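One structure is given below, encoded as structure tokens.
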Amino acid sequence: MISRIDLRGDTLPEGGALRDLLPRAEFDVEAALEKVRPICEDVRHRGTAALIEYAERFDGVTLERVRVPEQALGAALDALDPAVRAALEESIRRARVVHEAQRRGTTTTQVVPGGTVTERWVPVERVGLYAPGGRSVYPSSVVMNAVPAQVAGVESIALASPAQREFGGLPHPTILAACALLGIDEVYAAGGATAVAMFAYGTEECAPVNMVTGPGNVWVAAAKRYFTGRIGIDAEAGPTEIAILADGTADPVHVAADLISQAEHDPLAAAVLVTDSVELADAVEKELEPQVAATKHIDDRVVPALSGRQSAVVLVGSVEDGLRVVNAYGAEHLEIQTADAAGVAGRVRNAGAVFVGPYSPVSLGDYCAGSNHVLPTGGCACHSSGLSVQSFLRGIHVVDYSADALAEVAHHVVTLAEAEDLPAHGAAVKARFGGAEPDQHSSWQVPGK
């Protein structure tokens, strides 16, 4: 059901050479980009009419309008299963606890007497959030995107999720209920690249946004790439991934269950076990069979994901070698199930999120750990972070120098300007002192004073 890669015995290669030995899903955003380009431009020119046409073509629904009526949000919340509502409320509460701690304050640094640089953190003005609605419904993604945006102070938040034929052209009612719980009343029945285009260009119903965040399929990722520069994005999210670094102390029942938990997302989902224990590898492979047989989505997701080229059991010579492997892999989700799991986790450099020990499964992080589950995929954890309050903030430096403070450093500014053959830069400083460079060692007076 799942293949093996044996990296024992030989010296592990470095960097990209090691990454090339590890399993990874094929995810061709560039090819998808050529297909979404005309769709995005159609939305640009025809607005709501184009969105309605694509909803009928892709989702099989006929819409009169794309924006969801506010009463539909309230109705969805009223009809929500009380247990689901309680779980969502707890998820929101815990996410707020963690994300409130990420707030950044204004910092003023006195560089010299009379010269300060202040760093202000200013929220993005308007954000479009995307909640997928294909194979599964993800109200948890609404929580994970909305909470950090709200904590950051974003004033205008809109959300899009695909129209659902079985719900009369509205997004899934659990998505709508999650929006109502979070106080998001601007919601659109739009999916995939059309939703991103709506946010980027704006339509008769939807004002354009400054940034789009949220997971999605390859069409969403391609649309994000197409609009990068016009809008900010969180990431080009690819198929979900779990990597588990485990030794002989790990419970194979836990490990198998956690691999399956990610495999059920998508046939391209990656499930990777890295271990120095052949006994554990054997036990996990044996345990997968009954657990897969007892789960849902077997033929369309779980088995294709586990048997695909993106999933494998990777055998290594030691936990130390395993640590090198998972750092090269840069998993979206990384579980550490080893002796001294906390110590090993502390040495992880590349991962979207790290889950320590037998009682911190990825599923906890997906819903109720308080952490954010919108994380870098496809090895991007080697250079990027997951969604946070910081994602929705921009740092602005405010420079405030007095005449004395500028005079003290003016000769350095002029020197560097001339070294770069940009004499007007230096002249802009001299103009403040009557056209001459002030002598740093002598007294001077601002002209006119």
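Fair warning: this is a prediction, and the values are worked out from it, not measured in the lab.
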With side chains defined as the heavy atoms from C-beta onward, is the minimum distance between [X] and [Y] less than 4.5 Å?
X	Y	answer
Val220	Val196	yes
Pro148	Asn372	yes
Leu259	Val284	yes
Tyr54	Asp42	yes
Leu334	Ile336	yes
Phe58	Ile39	yes
Val255	Glu287	no
Val253	Gln291	yes

Sequence neighbours left out, what passes side-chain contact (heavy atoms from CB on, under 4.5 Å) with Ala76? Give chain and number order. Pro173, Leu176, Ala177
Is atom [atom1] of [X] surrounded by more than 12 heavy atoms (other residues, nucleotides or ligands) closer than 6.0 Å?
X	atom1	result
Tyr401	OH	yes
Glu26	CD	no
Glu89	CD	yes
Arg67	CZ	yes

Using the test salt bridge (Lys or Arg N to Asp or Glu O under 4.0 Å), find all partners of Glu14 that sit at least two apart in sequence or belong to another chain. Arg324
Which atom names give the shortest non-hydrogen contact between [X] and [Y], and what distance separates them?
X	Y	value
Asp247	Leu280	O-CD2, 3.3 Å
Ala193	Cys40	O-SG, 4.3 Å
Val354	Ala345	CG1-CB, 3.9 Å
Val374	Pro215	CG2-CD, 4.5 Å
Ser91	Val143	OG-CG1, 3.8 Å
Phe27	Ala221	CE2-CB, 4.1 Å

Test: [X] and [Y] ion pair at under 4.0 Å:
X	Y	value
Glu289	Lys286	no
Glu90	Arg94	yes
Glu119	Arg104	no

With sequence neighbours excluded, give me every side chain to side chain donor-acceptor pair (under 3.5 Å) pair touching residues 342-353. Glu320-Arg347
Just by distance, no angles: are the side chains of Glu335 and Gln337 close enough, under 3.5 Å, to form a donor-acceptor pair? yes
State the [atom1]-[atom2] distance between [X] and [Y], to the nearest 0.5 angstrom.
X	Y	atom1	atom2	result
Leu51	Thr194	CG	OG1	5.5 Å
Thr240	Glu332	OG1	CD	3.5 Å
Thr48	Leu63	OG1	CG	10.5 Å

Can you tell me which residue pairs pass the ring-ring contact (aromatic ring centres under 6.0 Å, His included) test with a partner in residues 141-198, sequence neighbours excluded? Phe167-His172
Parallel, tilted or perpendicular, as decided by the 30° and 60° cut-offs, for the rings of Phe227 and Tyr201: perpendicular
Could you tell me if Arg126 sits above the aromatic ring of Phe199, with its cationic atom closer than 6.0 Å to the ring centre and no more than 45 degrees from the axis? no
Please, which pairs that meet salt bridge (Lys or Arg N to Asp or Glu O under 4.0 Å) have at least one residue in residues 213-230, sequence neighbours excluded? Glu30-Arg225, Lys224-Asp234, Arg225-Glu236
Applying salt bridge (Lys or Arg N to Asp or Glu O under 4.0 Å) as the test, list every pair that has at least one member in residues 373-399; sequence neighbours left out. none
Test side chain to side chain contact (heavy atoms under 4.5 Å, CB included), reference Leu170, set Ile175, Val68, Val61, output is Val68
